Amino acid sequence: MTSETELAPAVASILEAARERAGDVDAQLAVDAQSLPDAIAGAEADGRVPVIAEVKPTSPTADGTRDDDPVELAQAMVDGGATAISVLTEPSHFGGSPAALTRVREAVDVPVLRKDFVVREDQLDVVEADLLLLIVRFVDDLEALITATRERGFQPLVEVHDRAELETALEAGADIIGVNNRDLGRLEVDLETFESVAPHVPDDVTVIAESGISSPADVQRMREAGADALLVGSAIMDHAGGDSDVTENTQQLVDAGATDT
Ligand SMILES: O=C(O)c1ccccc1NCC(=O)[C@H](O)[C@H](O)COP(=O)(O)O
């Protein structure tokens, strides 16, 4: 767990809110999850770059807010060729909700990731999803939380930002790793982050490039660096664009050089 003084104020506020957010101590979910690695293999087989498109109404770094219905957004992303959907469930800084995730998961036939800042086991039981994000920097006992996540049937997507965090994730048994190009200390994005960490990820581990991917050239760059899939929010949501076409935004990334890798 990181020191709060090393975090951007917006991230410290996100973390404080996450610690205060209630979980569900009365129930333990049992999820029948769709496999992300299988979905990635399916996309590769029909020539799509595997893109996990994110329903992200807003964020501390977004240029605005999109109030579109999350189900319509997710369906538009799938129409554009998305391999999986990520749904923000964090309410106070990203405009998300667990209810939105439930509706999206009922409406689409691809794996759905719960994107939140989960810090305790009871918070796992708030809503069903196929994948669940765990951020190494924010979790005290990663191995225990990975175990608890798998016991419920979720696939844990374990997020790292540097090689030390990668080692922590691998030692804790992670088999799906996300390398976040966004530094949560300064909120700056640098695609070199993925390029420096990805070569150290074992071949049998699925590795996802996260954040700051905004063009087909960025997609190709991350694929050349070894990304099995890409997690993209802002460039698809295009918050400043208001009613920008989410299907087109997804499709131009999905079509970006699937055969080059
Ligand atoms: O996106 C933010 O502004 C943000 C701020 C503070 C903590 C986390 C943040 N984002 C979480 C994410 O991981 C991204 O939503 C995801 O990787 C997609 O990134 P992008 O394509 O750059 O929207």
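Only heavy atoms go into these numbers, but all of them, side chains included; no hydrogens, no water, no symmetry mates. Given the structure is predicted, the values throughout are model-derived calculations rather than measurements. Just so you know, ligand 1 is whichever comes first in the structure, and atom 1 is the first atom listed for that ligand.
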Side-chain donor-acceptor pair present, N180, E159, cut-off under 3.5 Å: yes
Residue pair T206 / D228, side-chain donor-acceptor N/O under 3.5 Å: no
P60 to ligand 1, any heavy atom closer than 4.0 Å: yes
Contact check, A10 vs ligand 1, heavy-atom distance below 4.0 Å: no
N or O pair under 3.5 Å between [X] and ligand 1:
X    : answer
V11  : no
E159 : no
I213 : no
R182 : yes

Write out the residue and atom name of the closest protein heavy atom to [atom], then the distance separating them to 0.1 Å.
atom                    : value
atom 7 (C) of ligand 1  : L184 CD2, 3.5 Å
atom 1 (O) of ligand 1  : K56 NZ, 2.7 Å
atom 18 (C) of ligand 1 : E54 OE2, 3.5 Å
atom 17 (O) of ligand 1 : S211 OG, 2.6 Å

Per atom 6 (C) of ligand 1, closest listed option by heavy atom (L187, I135, V189, D116): L187
From the candidates I14, I52, T61, the one that places a heavy atom nearest atom 2 (C) of ligand 1: T61
Numbering as shown, the atoms of ligand 1 that approach S59 to under 4.0 Å (heavy-atom distance): 1 (O), 2 (C), 3 (O)
Salt bridge present between R66 and E54 (N-O < 4.0 angstrom): no
Residue D46 excluded, over 12 heavy atoms near CG under 6.0 Å: yes
Under-4.0 Å heavy-atom contact with ligand 1, by part of I236 that carries it: neither
